Amino acid sequence: MTAAPESAIARKVEHVMGLPISLALRGRHTDDTAANDAWHAVLAELGRIDAVFSRYRPDTVISRLGRGELTEAQYPAEVHEVLALAATAERASGGAFAVRRANAEGDEVLDTDGVVKGWAADRAAEALRALDDTDFCLSAGGDIVARATATGRAWRIGIEDPRDPQRIIATVPVLDGAVATSGAAHRGRHVVDARTGRPPTGVASVTVVHRTLTWADIDATAAYALGPGAAEWLRHRVGRTGLVVGADGSTTLVRAS
Amino acid sequence: MRRIVLWFMTTLSAVVLLLGYRTSTSAALPASGTTANTTNGTATAGGSSAAGTVVTGTVASTRWGPVQVQVAVSGGKITSVQVVQQPEGNRRDEEINASAVPTLVQETLDAQSAKIDMVSGATVTSEGYLQSLQSALDQAHLA
């Protein structure tokens with residue numbers, strides 16, 4: 001096994017359905033056909049998944065499911081997979097995380113975004129894993145899946161300060177794994193505690209480090225929805241580490257349980 | 001742990017391929033009981049029996065430590081692979097993967113001074129992206 005050269009990082013950026021997708025590559029394939037093919041495969045997979053799960057488009061499976069137009073037998077296997085992940089997360093969070101919630105009008109809405117984003121990026125990253133002797137770091141709107149085993153030099157992930165998103169509050173090295181952050185910094189208060197239907201209080205952001213982005217993302221959202229209980233809940237989740245920033249600016253590091 | 005195994009299998013595959021290549025270019029593996037220091041010195045054969053030939057690779061030094069494997073070859077096929085030597089611990093590796101805990105920066109830093117590769121933050125939309133730190137990082141490298 002030859003070590004990849006200490007080469008420069010090549011970067012690519014595209015927007016898929018309103019989400020900025022950033023990629024950093026290092027090692028053998030950074031700007032060749034293989035790298036570009038993998039990058040296009042990432043974007044295509046994210047677009048394909050959006051066409052199934054977007055709730056902003058009326059014709060998607062999720063929109064039709066939300067309106068009760070489809071029965072269980074009629075939706076694809078990956079929808080079952082996402083709903084099963086959601087059910088697991090709902091149980092684990094005592095109901096704070098839920099994909100079926102009442103909206104302001106009291107109607108039940110189906111919103112799988114809290115599960116799909118990380119899960120989709122994990123799936124899309126498979127194209128990058130196939131690049132031999134190459135390190136990759138993929139960000140889907142601030143949620144990151146990365147591998148640095150070709151060079152053995154961990155990617156350095158900065159965690160944004162929720163009080164000032166232009167600044168970094170912490171860093172974490174990732175050799176092979178994922179980092180997800182949930183908070184209200186950019187999109188406003190879109191995450192709610194499904195038990196109350198209201199945005200959580202007492203917490204500014206939650207960052208979770210895990211082997212998969214699927215669970216890093218789900219747990220960051222679930223912990224954030226739990227509000228004041230975020231750090232304590234996360235501490236009991238196996239294989240997760242992270243950082244909870246309180247609304248008062250306090251920081252709590254969560255170590256592996 | 002899974003990652004270590006993955007990495008190890010990669011290394012193993014490389015060593016096995018190396019041995020496999022040698023096998024295919026030399027007509028046959030050394031005969032029973034001989035010790036063959038091959039021309040390129042990559043492997044030593046010995047201890048063969050009716051079951052086949054056992055070939056021990058030389059020690060390969062990797063950034064994680066020395067690695068050495070032994071393969072048994074029978075009828076031109078690898079019948080088993082054993083690890084003779086492997087790096088100890090991989091403590092740094094375990095630290096980074098199993099329990100990498102974020103490190104708070106003493107004073108909040110901008111992306112440049114923190115020397116970071118990517119930013120994790122609350123969902124950035126395409127509208128918000130231009131003002132984001134990630135955008136600055138991407139631009140710095142794309143320019």
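Predicted model, so just to flag it, every value in this text is computed and none were measured. Labels below follow one simple rule: chain letters A, B, ... track the order of the sequence lines, proteins then strands, and each chain is numbered from 1.
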Contacting region of [X] [heavy-atom separation from chain B under 4.5 Å]:
{"X": "A/Val206", "value": "neither"}
{"X": "A/Ile21", "value": "neither"}
{"X": "A/Thr251", "value": "side chain"}
{"X": "A/Ile157", "value": "both"}

Inset, instruction - List the steps, then state whether side chain to side chain contact (heavy atoms under 4.5 Å, CB included) holds for A/Met17 with A/Tyr56. - result: CA-CA 10 Å; A/Met17 312 303 164; A/Tyr56 302 107; over 6 Å; no

Legend entry - Exercise: identify the closest heavy-atom pair between A/Leu226 and A/Ala96: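 Here A/Leu226 and A/Ala96 meet closest at CD2-CB, 3.6 Å.
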
Inset, instruction - Quick one: closest heavy-atom pair of B/Ser120 and A/Ala180, and the distance? - result: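 Heavy-atom minimum between the residues: OG-C, 3.8 Å.
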
Inset, instruction - Taking side-chain hydrogen bond (donor to acceptor under 3.5 Å, both in side chains) as the test, write out the residues that go with A/Asp32, two or more places apart. - result: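 For A/Asp32, the residues satisfying side-chain hydrogen bond (donor to acceptor under 3.5 Å, both in side chains) (neighbours in sequence not counted) are A/His29.
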
